[in-house]
Each structure stands twice: as C-alpha cells, then as structure tokens.
Asker: 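Encoded as structure tokens, here's the structure I'll be asking about.
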Amino acid sequence: MEARPNSFPVYVSGQYLTSENLNATQDFLWQEEKASRYLLNGNGIVQGFNVSFADTTSLKQVNISAGDACTVDGYIIQSGALAFDKGFSIDMSWITLNDGTQLLMEKATFDTANMNDVATETIIHATELFSTASNINDLPVGTKTLDAFSITSSQASSNYIALAWVFINDAENDNCVQGDCNTKGTLKIFTTRYFLTETSVFPQQNSANPLMPLSKAARIKNLANSGSAAGFYQTSLTAFKANITELQPYFSVASSGKQLGLIGALLDNNAQASLTNAISKFSQIASSANTNCQQYNNAFASDISTAINELIEFYNEYANKYPLYSSSRIEGVIILGRLVQQTVDNWRYYFIPAVQDASMICDKKILSQLFMRAVSLVNNFVPQSNFKAQAAKVGKIIATPSLIGNDEFAKRAIPYYYDVLTNDTANAVLNTWNPRDTNLQNIFCYYDSIIPSRSSMVAKLAVADWTNENFFRIEGHVGIPKQDAIGAITSLIVNDGLPIQLLDCDVDYKGAITWYNWYAEFSAFLNDSLVQLKSNPEITNYAYDPFKKINTVNLQTSYRQPDTIKGILNDLTSYSGVFYNAAKVQGIAAKPTAKKVSTSKRTANVKVAAQNPVAKPQVTTRQTLAAGVTANSPLSTEVIQNYINIVPQEKITDLVKNYNTAITEVTDPKAKKLLVLKDLAGLEYLGGVPRGGTFILLHSGGTVIGDGCLSYYYRIDQGRIFDL
C-alpha cells in the first residue's frame, strides 16, 4: 500500500540534487494526482467495461467492451474493446490489513513479502485471461484455451466474474547511454491484467435499492347521508380505519416492501430514531380511534399519504440513480462484474461519486428532509384527547389561505392538528414542511400568532392577497357553540372579504316531521294494500294493475317531491272511487275481514329514491285509471268486495285530510331556511373550503362537531322538502 506523503523537498540555489530528492518530488506529485481522482471525483467504472462471453457447450471467449475506470486508490484503468480466449490458472491472495485496507497480490509474492499488519487472507483460485491476439507459445507454461477449462454456459453466466487489476512492476531502466553510472535507476511499469474467478469468492459489492409503491388515502364517503351525529362520527371512523390499514405497513418494522425503514437505512441515526418514534406513535394514533372519531383524523391521514408519496417518488428516482454501493473495495482492482450483466450487477464496481460530489450530497439531503417530514407529521400529530386543549392556545376561528389539488404539499397551509409549539419555538414540522427550501415566509399556520419567530405571518394574514389562493382552511370551530362559530366565520366573510359562502346544518334535523310521518304512513299503506289485494286466492285472475302502477310510481319518488306525491294521491282516490261507486250501484257493502299483518314497516328514508331520485315516471291519469278498470276486466262482485275491504273509503278520506294538514308544514318559511344534511349531495370534508365554494358548519345539540364543503355556491331551492 502506498502512503500519501505529507511533505516534499524544496530546492535551493546551488543545491546538489540526489535521486532521493527527485524521487520524493515525483512521489509527492504522483500521490497528489491519484488523490485528486478518487477524493474529488470518486472511484469505480465510469463507463463501459461490460462483460460478455461466447460459447457453444463450454466457455470459449470472454469479451470486455471499451471503458474507463478509477480504482479506490486513484489508478486509472482504461482500455479499448478486448477479447480473451486463453487462460492461465493462478492463485491470488486477497488480504485485509489491520487498518481495513484491502489488497490483491499474487500468492507467490505474498508468501515472500513478510507483511506484519495482515488481518485476514483469502486464497482466490483465478484464471488470468490473455487476448485472442496473443501467441500461446509466448505465454506462461500451462496456459490453455478457455474451452479447455470446461466451464459451461450456465456456469459462466451465474458463477463467474471478471476483474481488472493494476499490476505494478519495477523494471531496470538504463538511462546512462554514455559513461558509467553509479545507478541505472528503475522504471515503474503499470499493467492492467484481467482475471476470471468465481463469484462465491467475493461478497456482493452492491445491490439495487428496492422500489416502493405509493400510498392512497380514503376519503369520508357519503357524508351527506350520515343522518345523525352518530352516523356522522361513523363515516369518519370508517374512513379512518381504511386509512390506518393503508398506512400501517409504512410505519412498521415488518417486511412488507413498503416500510419506511428501507429509506431510513440510507440515512443517519437521527432519521432512524425519528422513524422508531413514529412507528410507536402511529400505533397509538391507530388505537385511539373510537365512536367519536373526528374528521381531522382523516385529513391527517391524507397529509401523511401525500408526504409519503412525495418521498417515495423522489426515493424511487434516487434508488435508480444511486444503487447501494459497498465502500469496502480492493485497492488497484476493478471488479467488472458477471459475464451476463443484468440491470444491477451485484458484483460490478459501479462508480461511487466522491464525498465532495455536490449532486449526490444534494439528493441525499432532499431525501433526508422528505423522510423527516413524513415521520415528523406522525410524531407531532395532536391526538383527539389533547386536541381541544391545543387549539385553545389560540382560541379563535381563523381562515387561512392555502392551495389544494396538484400543488406540492409544501405550498399548503400548516393545519392546526400538528403540534408546532415546543417551548414556544418552531419544531420539526415547521423545519421540514418545505424540504427543498425550508422557506415558510408565505406558508401560513394556525398557530402563527403564538410563535414569536412567526409574528410577521400574523401581519401578512391581515393583509393577505387571496387572488392566487384556491383554498381556505377554516380552523378553530370544532367543539364550540354553533352561534359563536357562525358569528366568527360570518365576520370573516363580511369584514375580511373571505370569498366563500357559509351555511350551517344540524346533522340530527329530521325535516318537516308531520309531512314525513304522513308520507311514511301513505307509502306503507300502498305497499301493504297491494300485497293483500293480490293475495286473495278467489280473485287471482284480477291483478289490480293500476294500483300496482300507483305503488311503483310512489316507490320511485322521493317524499321531497310534494307535487308528484299529490298526483299519486289523486290517482289513488280516483282509482278507488271507481270501486266505491261500483259498490254503491251493485249494493255491495264492506265486510269485516281479518287484516293481514303489515308486510312493510317501510319508512321514507329506506327508499332508494330518497338518495338517488330517478326520473319521474309517466303517471297514469285518473281518466285512464277509471277506463282501465271497466275496459280491461269485468268488475265482479268478488273483485269489488275485495278492494273495498282492503282499501276502505274512510281510509282514503283520512289520508286526504291528513295530507292537507301535513303539506302546510312543507311550505312553512321557517322550515325552508333549515338545511337537511342529505340535501347537500356531494358534500365533502376537506378541512376547509375551495375559493368561491360553500362551507357547511355541522353541529349537533348546539355544538359544532365538524364541517364539510361544496365546491360551488349553494343556492337553496325554496320548494324542496327536507330529508330525514
């Protein structure tokens, strides 16, 4: 091993120069030249030197493409395309010195070297390769053609590697062409020798970083159909459980191909310790979910998913760019790799940029910051049990301009469910929120007013230009009285010009209950009556088709459509009137009959149409109904008797009377001003509202429990009926 000199001779005028003086100067310059290569540039195969072979049944020729490389100690290996078809068996000593330096020597040379600082020695049975242009008679005794080594094609492709070794030979150099010299000097000759040896001798020098899949966050589905406070919390819990299932593999020590430990292993101890904490914290967050699951748990999961995806996208690119390289390499040697090279050859000496390489340092720094952001979000998430106390440190509702959509996560405002307060100074979330810049001068945070270092952001918020912002975080309202929240947000809209609309909704509100109860009774009566009309075995030939059609139309109608329902009721009275008039003409009286147990406990909120109203069917007119009764089939006494028994006239009279009472509640102006959750089709939870959209404040029992938003300005339909 050559030591790098830390001194060199300085000559003075008239000095008698010795060979030692000149050699010391030469040695210093040579070592500096080599050091500049591997310290400032790096080592490994820079380009080319791809290995392949040709054979039929046995290895006949090894081909190495032109290439350039630099050994770990700075020797240059450069060559044009080479082809080898001869070989000589030789034993090599692969030794490791006490300081960790690795050297390759001929075994015969090592045995006579008398080296005292050798830690280990490994004997390598190698085959030195000679070119096709060489004459076998000029080569060492025992050289033979490669096919004589009986290496099969499969063995060559999987069991062998090629390596290049810089061999240094001191040859006598006669510089004295005239006269006698005390010393003739020596000539150092650098020769690149090529060898074939088995892969089992060397440990793998590198491997491909495993690529990782992206994550996805589940949203809160059917928020408009939650129906009550309990249903509202359940929709949040369902989404949160799905999110935990999706994200758990990333925060796990178990091998899943997703665990962030794959990235953490590339980083420093601080990053790995932060991941360990995040794994523990994530498990706590996952187990904290309960029946009162707050919406922001899912907003947090969405944040984590976005942060992880940005990390993974960069990591996958980084993994392809920088395989996992072994820094433990043999001096003076370049392992060229297997004879059949794959995407990443586990033995090949890929180029390792020097530690001063700016691009690699920059990329690894960005990777580390993206990683730290993902784990910091978990480590600093405020759990539901502590959330109210944390938000109370600010104690007011704030509308924070932000971005949403395809914009980078770093450009979004920092939500209030992260603890950015550690002794009143910014902590890891703030430090890592913008990994590529760390500049947060235009990124707002709910807690800016109580972070001294960010007091300037409070002033910015007061005069913020919202022109280029497409989203507004609304925070600080959960858990406070609804009137306080309505007043505060209204003030933001009116006084600050916040470009959104505000509506509030009691998630437990059932709508116009008298109307709803009447319609539920009416629907159940139609359905049960039809079942009983068709179940009489004495009149199986009469199908009561118009009544069936009335019931079908009703099934396809939401009770929020009073005009359509009025038409259905009129059709029923008209159709029934035909039977009542026929009974009078024929002198048929209703007979007391045992009513069957109702087959339907149907209420309006179980109808498919209430959630997804279908196109209104063509309702049969009363004239058509009456004509159908007389034209399509004879009204026998049994048919009339059956109908007036099951659909008594007094029942129809009561339905009409109760309808007239219930419909007045529908047109009550006070009722028209109240929102029913199910009317807000497309309601989404985003933790705020898009610019120009509608923010829906959700409350129960007078207390705000959450929110939702519509991407448009919601206009109340004054003629609508409110759902249960």
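Just so we're clear, the structure is a prediction, and the values are computed from it rather than from any experiment.
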Asker: List the steps, then state whether side-chain contact (heavy atoms from CB on, under 4.5 Å) holds for Leu655 with Trp518.
Answerer: CA-CA 8 Å; Leu655 284 172; Trp518 177 87; 4.0 Å; yes
Asker: What I'd like to find out is whether the side chain of Asn380 reaches to under 4.5 Å of the side chain of Val420, using heavy atoms alone.
Answerer: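 No, every pair of side-chain atoms sits at 4.5 Å or beyond.
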Asker: Does the side chain of Thr564 reach to within under 4.5 Å of the side chain of Ile568, using non-hydrogen atoms?
Answerer: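 Side chain of Thr564 against side chain of Ile568, heavy atoms only: contact under 4.5 Å found.
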Asker: Determine yes or no for a side-chain-to-main-chain donor-acceptor pair under 3.5 angstrom, with Tyr580 supplying the side chain and Pro648 the backbone.
Answerer: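 Checking the backbone N and O of Pro648 against the side chain of Tyr580, a donor-acceptor pair under 3.5 Å is found.
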Asker: Would you say Asn298's side chain and Ala218's backbone share a donor-acceptor pair under 3.5 angstrom?
Answerer: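 No.
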Asker: Report the C-alpha distance between Leu311 and Leu260 in whole Å, list the side-chain angles of each, state the deciding distance to 0.1 Å, and finish with yes or no for side-chain contact (heavy atoms from CB on, under 4.5 Å).
Answerer: CA-CA 10 Å; Leu311 167 64; Leu260 293 182; 4.0 Å; yes
Asker: Looking at Arg412, is its backbone amide N or carbonyl O close enough to the side chain of Trp433 to form a donor-acceptor pair, meaning the two atoms are under 3.5 Å apart?
Answerer: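 Yes: the side chain of Trp433 pairs with the backbone of Arg412.
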Asker: Give the minimum heavy-atom separation between Val507 and Ser700, together with the two atoms involved.
Answerer: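 Where Val507 meets Ser700 most closely, the heavy atoms are CG2-CB, 3.9 Å.
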Asker: If you take all heavy atoms of Thr400 and Ile398, which pair is closest and at what distance?
Answerer: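 Closest pair (atom of Thr400, atom of Ile398, distance): OG1-CG2, 3.6 Å.
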Asker: Hey, does the side chain of Ser287 reach the backbone of Ser283 with a donor-acceptor pair shorter than 3.5 angstrom?
Answerer: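 Yes; at least one donor-acceptor contact below 3.5 Å.
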Asker: May I ask you to decide if Asn222's main-chain N or O and Ser226's side chain share a donor-acceptor pair within less than 3.5 Å?
Answerer: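 Side chain of Ser226 to backbone of Asn222, a donor-acceptor pair under 3.5 Å: no, none is there.
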Asker: Determine yes or no for a side-chain-to-main-chain donor-acceptor pair under 3.5 angstrom, with Gln259 supplying the side chain and Gly257 the backbone.
Answerer: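 The answer is yes, because a donor-acceptor pair under 3.5 Å joins these two groups.
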Asker: Roughly how far apart are Glu469 CD and Phe444 CZ, rounded to 0.5 Å?
Answerer: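 Spacing of CD (Glu469) from CZ (Phe444) equals 7.5 Å.
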Asker: Output, in order, the C-alpha distance, side-chain angles, deciding distance and verdict of side-chain hydrogen bond (donor to acceptor under 3.5 Å, both in side chains) for Tyr544 and Asn642.
Answerer: CA-CA 11 Å; Tyr544 298 100; Asn642 186 56; 3.1 Å; yes
Asker: Given the rule in the side-chain hydrogen bond (donor to acceptor under 3.5 Å, both in side chains) test, do Thr238 and Gln234 qualify, once you have shown the distances and angles that lead to the verdict?
Answerer: CA-CA 6 Å; Thr238 300; Gln234 184 58 50; 3.2 Å; yes
Asker: Should Leu710 and Leu683 count as side-chain neighbours, where that means a heavy-atom distance under 4.5 Å?
Answerer: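 They are in contact (side-chain heavy atoms under 4.5 Å apart), so the answer is yes.
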Asker: Looking at every heavy atom in both Ser402 and Arg473, which two are closest together, and how far apart are they?
Answerer: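 Looking at all heavy atoms of both residues, the shortest contact is CB-CG, 4.3 Å.
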Asker: Which class fits the ring pair Tyr575 and Tyr643: parallel under 30°, tilted 30 to 60°, perpendicular over 60°?
Answerer: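 It falls in the perpendicular class, over 60°.
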Asker: Would you say Asn297's side chain and Gln294's backbone share a donor-acceptor pair under 3.5 angstrom?
Answerer: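 Checking the backbone N and O of Gln294 against the side chain of Asn297, a donor-acceptor pair under 3.5 Å is found.
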Asker: Is the backbone of Val382 close enough, under 3.5 Å, to the side chain of Asn386 for a donor and an acceptor to pair up by distance?
Answerer: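 No, the answer is negative, given that no donor and acceptor are paired below the 3.5 Å cut-off.
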Asker: Angle class for the Phe300/Phe381 ring planes (parallel below 30°, perpendicular above 60°, tilted otherwise)?
Answerer: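 Correct class here is parallel.
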Asker: Testing the basics here: between Lys482 and Leu697, what is the closest heavy-atom pair and its distance to 0.1 Å?
Answerer: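 Closest approach of Lys482 to Leu697, heavy atoms only: O-CD2, 4.2 Å.
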Asker: Looking at every heavy atom in both Ile705 and Val478, which two are closest together, and how far apart are they?
Answerer: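 Taking every non-hydrogen atom into account, O-CG1, 4.3 Å.
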Asker: Salt bridge or not for Arg219 and Glu684, using N-O below 4.0 Å?
Answerer: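 Salt bridge flag = yes for Glu684 with Arg219.
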Asker: I want to check something: taking the side chain as every heavy atom from C-beta on, are Ile397 and Ile474 in contact at a cut-off of under 4.5 Å?
Answerer: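 In contact.
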Asker: Can you measure from CZ (Phe240) to OG (Ser288) and round to the nearest 0.5 angstrom?
Answerer: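 Reported value, rounded in 0.5 Å steps: 5.5 Å.
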Asker: Answer yes or no: is there a donor N or O on one side and an acceptor on the other, between the side chain of Asn527 and the main chain of Ser523, under 3.5 Å?
Answerer: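 No.
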Asker: Of all heavy-atom pairs between Tyr519 and Ile565, which one has the smallest distance, and what is that distance?
Answerer: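 Nearest heavy atoms, Tyr519 then Ile565: CE1-CD1, 3.5 Å.
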Asker: From Phe282 CZ over to Ile244 CD1, what is the distance, rounded to the nearest 0.5 angstrom?
Answerer: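 Answer for the CZ-CD1 pair, Phe282 versus Ile244, is 4.0 Å.
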Asker: Do Tyr250 and Ile304 have side chains that approach each other closer than 4.5 Å (heavy atoms only, starting at C-beta)?
Answerer: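 Answer no - side chains too far apart.
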Asker: Do Gln295 and Leu223 touch side chain to side chain, with heavy atoms closer than 4.5 Å?
Answerer: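 In short, these two side chains touch, coming nearer than 4.5 Å.
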Asker: What distance separates Tyr446 OH from Lys396 NZ, expressed to the nearest 0.5 Å?
Answerer: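 Answer for the OH-NZ pair, Tyr446 versus Lys396, is 8.5 Å.
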Asker: Taking the six-membered ring for Trp, are Tyr416 and Phe387 ring centroids under 6.0 Å apart?
Answerer: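 Between Phe387 and Tyr416, which both carry aromatic rings, the centre distance is below 6.0 Å.
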Asker: Can you check whether Leu461 reaches Pro401 side chain to side chain, under 4.5 Å on heavy atoms?
Answerer: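 Counting from C-beta outward, Leu461 and Pro401 do come under 4.5 Å.
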Asker: Taking atom CG of Asn470 and atom OG of Ser711, what is their separation to the nearest 0.5 Å?
Answerer: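 One finds 12.0 Å between CG of Asn470 and OG of Ser711.
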Asker: Does some side-chain heavy atom of Trp515 sit less than 4.5 Å from a side-chain heavy atom of Thr664?
Answerer: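 The answer is no; the side chains never approach within 4.5 Å.
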Asker: Around atom NZ of Lys566, are there more than 12 heavy atoms of other residues, nucleotides or ligands at under 6.0 Å?
Answerer: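 No, not enclosed.
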Asker: Got a sec: does the OH of Tyr712 have more than 12 other heavy atoms crowding it under 6.0 Å?
Answerer: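 Yes.
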Asker: Could you go step by step and tell me if Phe525 and Val647 meet the side-chain contact (heavy atoms from CB on, under 4.5 Å) rule?
Answerer: CA-CA 9 Å; Phe525 173 74; Val647 188; 3.8 Å; yes
Asker: What distance do Asp707 atom CG and Leu502 atom CG have between them, rounded to the nearest 0.5 Å?
Answerer: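 Between atom CG of Asp707 and atom CG of Leu502 there are 10.5 Å.
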Asker: Using atom types as modelled and distance alone, determine if a side-chain donor or acceptor of Gln284 lies under 3.5 Å from a backbone N or O of Pro383.
Answerer: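 The answer is no, because no donor-acceptor pair under 3.5 Å joins these two groups.
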Asker: Given Ile279 and Ser252, is the side-chain contact (heavy atoms from CB on, under 4.5 Å) satisfied, shown in steps?
Answerer: CA-CA 6 Å; Ile279 290 172; Ser252 173; 5.8 Å; no
